Amino acid sequence: MFWRSSCAFFSCPTCRPTWRRNWKRPKRTTRTRILSQHTVHISTVIKRQLADVDNSSVLAIAENFKRGEWKAVDIVMEYLQRIHEMDKVLSAFLSVDAERALYKAQLLDEKWDKGEHLGPLAAVPVAIKDNLCTKGMVTTAGSKMLETFVPAYDATSVARLEAAGAIILGKTNMDEFGMGSSTELSGFHPSKNPWDPSRVCGGSSGGSAGAVSSGMAPFALGSDTGGSIRQPASFCGISGLKPTYGRVSRFGLIAFSSSLDTVGPMACSVAELATIFQILAGRDPMDPTSWSEAAPYSDILHRKGALDLKDVKLGVVDIFSSSLEENQVNDVMRCFLDSIRVFTKLNAQVVSISLPYLEEALAAYYVIAPSEASSNLARFDGVRFGSRQEASHISELYQKSRGLGMGAEVKRRMITGTFALSSGYYDAYYRKALRVRQCIIGQFEDLFRQVDVILCPTTPCAAFELGERMGGDPVKMYREDVLTIPPSLAGLPALSIPMGFDANQLPLGLQLIGNRQGEDLLFRVGHAFQMATDWHRQRPPIYRQYVQSSVTKSSS
């Protein structure tokens, strides 16, 4: 069994130890020797219990471990086995560090044996998007430019998860530097949708969404610039949160657009997102744009009367059909109207609103984001960062290193951004885009004086086929973000949750947009919806097939 990476192969943790460059092997203990000798086997009981939807949640895994019913090593072994079986088809991971994960699990088992304090995410495996720095693990941002880059530090979000007891399984695939909406623009390979491997899983956090949807990880970290968490969450039938800008530290995130980038969690349910976000959120001295301490979000969901939304006014976007593809309008409209009926039964007040700046927001985003990217990516030149090509002089070195190391979409956006910031065009493009952004912010401020939460579909359609939008017109791909970009430009929190399936049994997402720092209300509304429906409990065919075959094997 081999573990794919951008620069190495990883062998089965139960057959041969994994060696990594720049990774200092921990001191061998009794359990490490047992693993190397291939005498540890996944508990049949744990395998069967983890096959159940309720037992495989973030909260259930942590509780079962703390009660002593499961061993952390057994939990990690089961998820590594899932990756081995399912990632051959889905290609959601860029690298898997099995030995590191098992070593961390071993330490947690020893802490439990000694009765030491355990974090809220103790023994819960996690997949990390590959643009978040992980100490001792290759971090590529989906680009060949960084295929050998090994950070010397952890991103703050990664460090906080590990401090809470989470165990990193590996790094997930993404569109190169976060620039894309399908993960087809990865510098290594495209990832595939667990519901239908002939279709995309969304982007740029497509690998993280695919890993969670297929059950290869209970939860994952992603990043969202213009919809990169919410859109793949919608395509893969899971829940994903884009926090308020600044609520989660960006330290250690390889920047795409500094005024838009956010780090957020992806999981199957809103209750899980609330628990994870409580750990991620809060001020970080390493990130001057971060602010505010976290609140007990998970407790909010269990307060008396939390599921009754009689005190919540929902604004339903009624003018969005022009942004939908003609053959998808019926499915999206049907599921969206069904979702509104669910909220009506939950006693929420529903009013009709409009978002008149959808097209303008799309245009402004594709000026602002490339402009900031052209500045942020200037450091990847083969001298300061990035792979270096042989050259006779410095200009040739820059041309070769950036030309061979970066993909076509990254070059397109960098050139676009450089043009928009150039003398004579700055006022015509970039400054005008900033004015549009201010108009959008003002519009949302007016809307939130009338309503508490805004509802609209997450995406204009379900997951499209691989290669369908990779032609000569990049605008077709850009339009995938038409409903997710406005809250990103305004720096608002937004949540995507499953709301049903189209005629091809592909999941569709419902987007909840909250006011600044209003994640608590988003969690409450989203959790109430999920308690009244079961869309978030549905699992794709590849997961059901794996569970059926593994349980059959363990029975025999």
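What you see is a predicted model; the values in this text were computed from it and never measured.
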Side-chain donor or acceptor of [X] paired with backbone N/O of [Y] under 3.5 Å:
X    : Y    : result
Q511 : L483 : yes
R160 : I279 : no
T225 : D261 : no
T172 : A127 : no
R516 : A490 : yes

Please determine if [X] and [Y] form a salt bridge, counting it only when a charged side-chain N lies under 4.0 Å from a carboxylate O.
X    : Y    : value
R82  : E85  : no
D130 : K171 : yes
K432 : D427 : no
E359 : R479 : yes

Flag yes if more than 12 heavy atoms outside [X] fall under 6.0 Å of its [atom1] atom; otherwise flag no.
X    : atom1 : result
Y357 : OH    : no
K411 : NZ    : yes
Y426 : OH    : yes

For the residue pair [X] and [Y], establish whether any side-chain heavy-atom pair is separated by less than 4.5 Å.
X    : Y    : result
L132 : S157 : yes
P486 : L358 : yes
L102 : K104 : no
P457 : L510 : no
V158 : I128 : yes
F256 : E176 : no
V367 : L434 : no
F444 : N515 : no

Is it true that [Y] and [X] share a donor-acceptor pair across their side chains at a distance under 3.5 Å?
X    : Y    : result
T244 : E519 : yes
S91  : S191 : no
S204 : D175 : no
N376 : S257 : no
T134 : D154 : no
E372 : S259 : yes

Would you give the length of the straight line joining atom CG of L94 to atom CE of M137, rounded to the nearest 0.5 angstrom?
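Taking CG in L94 and CE in M137, the distance rounds to 10.5 Å.
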
Nearest-0.5 Å distance, CE of residue M179 to OH of residue Y478:
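Answer rounded to 0.5 Å: 9.5 Å.
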
Distance-minimising heavy-atom pair for [X] and [Y]:
X    : Y    : result
V248 : D287 : O-OD2, 4.4 Å
S371 : L421 : O-CD1, 3.4 Å
S290 : S249 : CB-CA, 4.3 Å
M414 : S374 : O-CB, 3.5 Å

If you apply the rule side chain to side chain donor-acceptor pair (under 3.5 Å), what do you find for T458 with S234, and how did you get there?
CA-CA 7 Å; T458 306; S234 174; 4.6 Å; no

Could you walk me through whether Y366 and D481 satisfy the side chain to side chain donor-acceptor pair (under 3.5 Å) test, starting with their C-alpha distance in whole Å, then the side-chain angles of each, then the deciding distance to 0.1 Å, before giving a yes or no?
CA-CA 11 Å; Y366 281 102; D481 302 327; 3.2 Å; yes

Only pairs at least two apart or in different chains count here, so list each ring pair (Phe, Tyr, Trp, His ring centres under 6.0 Å) that has a residue in residues 150-187.
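Only Y153-F251, F177-F380 qualify under ring pair (Phe, Tyr, Trp, His ring centres under 6.0 Å).
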
Given the side-chain rings of F419 and Y429, with only the six-membered ring counted for Trp, is the space between their centroids under 6.0 Å?
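F419 vs Y429: aromatic centres under 6.0 Å.
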
Among V126, I168, I167, which residue satisfies the side chain to side chain contact (heavy atoms under 4.5 Å, CB included) criterion with E162?
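With E162 as partner, V126, I168, I167 yield a single side chain to side chain contact (heavy atoms under 4.5 Å, CB included), made by I168.
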
Can S228 and S205 be said to form a side chain to side chain donor-acceptor pair (under 3.5 Å), step by step?
CA-CA 5 Å; S228 294; S205 306; 5.3 Å; no

Carefully, step by step, assess E480 and R469 under the rule salt bridge (charged side-chain N to carboxylate O under 4.0 Å, His left out).
CA-CA 10 Å; E480 281 301 310; R469 307 200 178 176; 2.2 Å; yes

Could you go through L495 and V270, starting from their C-alpha distance and side-chain angles, then the distance that decides it, and tell me whether this counts as side-chain contact (heavy atoms from CB on, under 4.5 Å)?
CA-CA 9 Å; L495 175 68; V270 172; 4.0 Å; yes

Which residue pairs satisfy the salt bridge (charged side-chain N to carboxylate O under 4.0 Å, His left out) criterion with at least one member in residues 178-187, sequence neighbours excluded?
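Those involving residues 178-187 do not exist here.
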
Report the residue from R247, R230, K129, R250 that forms a salt bridge (Lys or Arg N to Asp or Glu O under 4.0 Å) with D224.
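Single salt bridge (Lys or Arg N to Asp or Glu O under 4.0 Å) partner of D224 among R247, R230, K129, R250: R230.
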
Which is it for N173 and T183 under the side chain to side chain donor-acceptor pair (under 3.5 Å) test, yes or no, and what are the steps along the way?
CA-CA 7 Å; N173 196 19; T183 317; 5.9 Å; no

